[in-house]
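All ligand and atom numbering here is 1-based and tracks the order in the structure. Treat the numbers as computed from the prediction; the structure is a model and nothing was measured. Values below: every heavy atom of this structure, side chains too, minus hydrogens, waters and symmetry copies.
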Amino acid sequence: MTLSHDIVIVGAGGAGLMAALYASEGGADVAVVSKLHPLRSHTGAAQGGIGAALGNEEEDHWLWHAFDTTKGSDYLGDQDAIEQMCKDAPRTIIELEHYGVAFSRTREGKIAQRRFGGHTRNFGEAPVRRACYAADRTGHMILHTLYEQCVKNKVTFYDEYQVLDLITAEDGEAVAGCVAYEILTGEVHTFEASITCFATGGYGRAFKTTSNAHAGTGDGFALALRAGLPLEDMEFIQFHPTGLYRLGILITEGARGEGGILRNSEGERFMERYAPTVKDLAPRDMVSQCIYKEIREGRGVNGKDHVVLDMTGVGSDVLEHKLPEISTFSRVYLGIDPVKQPIPVAPTCHYAMGGIPTNADGQVVKSSSRDDKVEGFYAVGECACVSVHGANRLGTNSLLDLVVFGRRTGMAMAKQIRQEGNARLPLGDKPEARTREMLDSILSRPVDAGEKAVVVRTDLQETMMKNVSVYRTDDTLQDALGDLQSLRERAAHVTCDDKGKRFNTDLMDAVEVQFMVDYAEAITVSARNRTESRGAHLREDYSERNDDEWLKHTLFWSDQKGGVEIGYKDVVITQFQPKERKY
Ligand SMILES: Cc1cc2nc3c(=O)[nH]c(=O)nc-3n(C[C@H](O)[C@H](O)[C@H](O)COP(=O)(O)OP(=O)(O)OC[C@H]3O[C@@H](n4cnc5c(N)ncnc54)[C@H](O)[C@@H]3O)c2cc1C
């Protein structure tokens, strides 16, 4: 069936819903297509906070926020976009409050704010209270409010429809719509739209240990590559320092913002040695690298590959009222009461800094020129790269990225429809052919003619974790590329037990693992190509940052047959010249 809307947004997390809300406010006919029910999107799991220089608890300025974000990005973030985000942050938070987000409050009734890693007062002097929060359920509150507002605005929702292809037009210069698989019925549908917008979230599930939900399989990255579009800065992956040991479940940085301390086997507060000014509130790339350093030097707790997060000095009152979720996680998953005992933690794959390149209005760009737009295609949220996070994102800046650029993207899309009308581009001959072929080839393969998707996926997650995580060298990256070559072959021949049409998650697992190989290659090739260390990309064989050669964004293209191409894009520098990062 062909379904037609002015704007089709793929993804119903914070980014997709924010864009849908503002596009519908702007008068457009908007549909949101999501493989999950919107309220199950990963945004709902965001815990600790959303950054904005409101100055409710102590003096703060958007320029300090912009400086911290730039320095946090190891100077790879585009400063014009960073300024846009930090300047827009306060009013966007107030708008969210007016839409109904129930933030925690100060005694005077203002939105409460707490400390987070890398956020400082007066250009690095000391940590500042900048993260607005709703206990440790900030994402949950935002997601629910945005969904309610979208329903009120009569946005059309296609829940549990998984998009499997982008329909390009005009020789790849434009996008005419997308193709989706209806999970409940097994039907394939074409969406035609004047504008298609991706808000498909991150890819944490490509790694063995991750804080991301099961659906975080990064489909959007692969679909963009398959449409012949580039991905930007894919080598930069954030490992969050405090995942529950072995499980990867997140303990928010807000825990350290409220006074939690990281300790090694000697009980030492080791971050004091590495970041004397901000200590445990150093940015995530640094803290994760330091944790591994402690472990490698034999100071893992109990001889194991973890350290501990000590919350025993924080007090049961703060844990109960400001950090209830993570206290429960610790009790339920590890049997540890954080009031009395330190929590074993290790870095966990958390966030994709890179993604589909866009400008600050969410329009996708397809080369090193920022004017080279893809007609009818927008992207926003974790799947996009504006780039405000550069080589390392600061905590609270993803939720902020979603709402600021979601809002801007929604408004830009509505404006385009108002000004240019809602004509649709031709879908071409048989737009669903590629999707049907892919599904048929998996379904028609005999069950014993290949491996199960889960086997291939597990091997992919293991090689990515072992070879492409916090510490990298040319050797580990080459090992990963060797593995990916055979994984591509294996993924192309996976089989599924379930041959039915209704809720065939087996089939979607098989599709997703093929997607994973595509962008895992983008990550690994980009990482091998960048022969320096910057932010979250730490090369043991090139341990210094090298601004002369590498102060530039990576662009990666692939033909999915092993043919890859690398290009570059300039970094926008406005007022903060690159300096050595010290905290
Ligand atoms: C545990 C956790 C805690 C976090 N805490 C914070 C925090 O406190 N502060 C902060 O700033 N950031 C935090 N983050 C990061 C932040 O939450 C995410 O980066 C952000 O929520 C991503 O939002 P999104 O809208 O881009 O994607 P998501 O919320 O992940 O939504 C993706 C959407 O895309 C849909 N989708 C994906 N693929 C397809 C497809 N093929 N077809 C159709 N639909 C598709 C999904 O159904 C979903 O609706 C946290 C992340 C995690 C994992």
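Looking at Glu432 and Thr190, their side chains do bring a donor and an acceptor atom within 3.5 Å of each other. For the residue pair Glu182/Thr185, the side-chain donor-acceptor check at 3.5 Å is satisfied. For the residue pair Asp68 / His119, no side-chain donor-acceptor distance below 3.5 Å is found, with atom types taken as modelled. Counting only N and O atoms by type, the side chains of Asp361 and Thr409 include no donor and acceptor under 3.5 Å apart. Side chains of Asn392 and Gln238: a donor-acceptor N/O pair is present below 3.5 angstrom, by distance only. Residues His389 and Asp401 bring a donor and an acceptor atom of their side chains to less than 3.5 Å of each other. Side-chain contact of Gln149 with Glu25: a donor-acceptor pair under 3.5 Å is absent, judged by distance alone. Side chains of Lys35 and Thr217: a donor-acceptor N/O pair is present below 3.5 angstrom, by distance only. Looking at Thr70 and Gln79, their side chains never bring a donor and an acceptor atom within 3.5 Å of each other.
Ligand 1 has no N or O atom lying under 3.5 Å from any N or O atom of Val380, backbone or side chain. Of the N or O atoms in Asp219, one or more lie within a sub-3.5 Å distance of an N or O in ligand 1. Checking only distances, Val163 does come within under 3.5 Å of ligand 1, N or O to N or O. In terms of polar-atom proximity, Lys35 is counted as a contact of ligand 1, with an N or O under 3.5 Å from an N or O of the ligand.
Scanning all protein heavy atoms for the shortest distance to atom 10 (C) of ligand 1 gives Leu399 CG, 3.4 Å. Given atom 9 (N) of ligand 1, the protein heavy atom at minimum distance is Gly49 O, 2.8 Å. Remark: minimum distance from atom 6 (C) of ligand 1 to any protein heavy atom is reached at Ala46 CB, 3.5 Å. Looking at atom 35 (C) of ligand 1, its nearest protein heavy atom turns out to be Gly11 CA, 3.5 Å. The nearest protein atom to atom 48 (C) of ligand 1, hydrogens excluded, is given as Ser41 OG, 3.4 Å; this is a heavy-atom distance. Scanning all protein heavy atoms for the shortest distance to atom 37 (C) of ligand 1 gives Thr200 O, 3.3 Å. In terms of protein heavy-atom proximity, atom 25 (O) of ligand 1 is closest to Ala15 N, 3.0 Å. Summary of contacts: the protein heavy atom closest to atom 16 (C) of ligand 1 is Ser398 OG, 3.4 Å.
Remark: distances from the non-hydrogen atoms of His350 to ligand 1 include one below 4.0 Å. A heavy-atom separation below 4.0 Å is not found between Gly220 and ligand 1. The closest approach between Arg393 and ligand 1 falls below 4.0 Å for a heavy atom of the residue. Not a single heavy atom of Gly139 lies less than 4.0 angstrom from ligand 1.
In terms of heavy atoms, Ile7 sits closest to Ala28 at CD1-CB, 3.6 Å.
Aromatic pair Tyr203/Tyr519: ring centres closer than 6.0 Å. If you look at His42 and Tyr351, their ring centroids are not closer than 6.0 Å. Tyr161 has its ring centre less than 6.0 Å from the ring centre of His189. Aromatic pair Phe515/Phe221: centroids not less than 6.0 angstrom apart. Proximity of the aromatic rings of His37 and Tyr147 is defined here by a centroid distance below 6.0 angstrom, and this criterion is met. Taking the centre of each ring, Phe198 and Phe377 come in below the 6.0 Å mark.
Using bins of under 30°, 30° to 60° and over 60° for the plane-to-plane angle, the ring pair Tyr99/Tyr22 lands in the perpendicular bin.
Of all atoms in ligand 1, listed by their number and element, those nearer than 4.0 Å to a heavy atom of Leu250 are 1 (C), 2 (C), 3 (C). Applying the 4.0 Å criterion to heavy atoms of Tyr351 picks out, from ligand 1, the atoms 19 (O). Close approach of ligand 1 to Asn212 is summarised as follows: ligand atoms under 4.0 Å from at least one heavy atom of the residue are 53 (C). Near Gly381, with a cut-off below 4.0 Å to any heavy atom, the atoms of ligand 1 are 26 (O). In the vicinity of Leu36, heavy-atom distances shorter than 4.0 Å reach the ligand 1 atoms 47 (O). For ligand 1, the atoms lying closer than 4.0 Å to a non-hydrogen atom of Gly13 are 25 (O), 29 (O), 31 (O), 33 (C), 49 (O). Each of the following atoms of ligand 1 lies closer than 4.0 Å to a heavy atom of Val10: 42 (N), 43 (C), 44 (N). Close approach of ligand 1 to Asn397 (heavy-atom distance below 4.0 Å) involves ligand atoms 11 (O).
Residue contacts with ligand 1, taken as heavy atom pairs separated by less than 4.0 Å, involve Tyr161 solely via the backbone atoms N, CA, C and O. The proximity of Leu402 to ligand 1, defined as any non-hydrogen pair under 4.0 Å, is limited to the side chain.
When the heavy-atom distances from atom 26 (O) of ligand 1 to Gln47, Glu382, Gln162 are ranked, the shortest goes to Glu382. Taking each of Ser34, Ala379, Ala199 in turn, the one with a heavy atom nearest to atom 33 (C) of ligand 1 proves to be Ala199. For atom 29 (O) of ligand 1, the choice among Val403, Thr396, Thr43 with the nearest heavy atom turns out to be Thr43. By heavy-atom distance, the residue among His42, Gln238, Glu160 lying nearest atom 1 (C) of ligand 1 is His42. Considering each of Gly201, Gly48, Gly44, Pro38, the one bringing a non-hydrogen atom nearest atom 27 (O) of ligand 1 is Gly201.
A heavy-atom distance below 4.5 Å is found between the side chains of Arg256 and Pro241.
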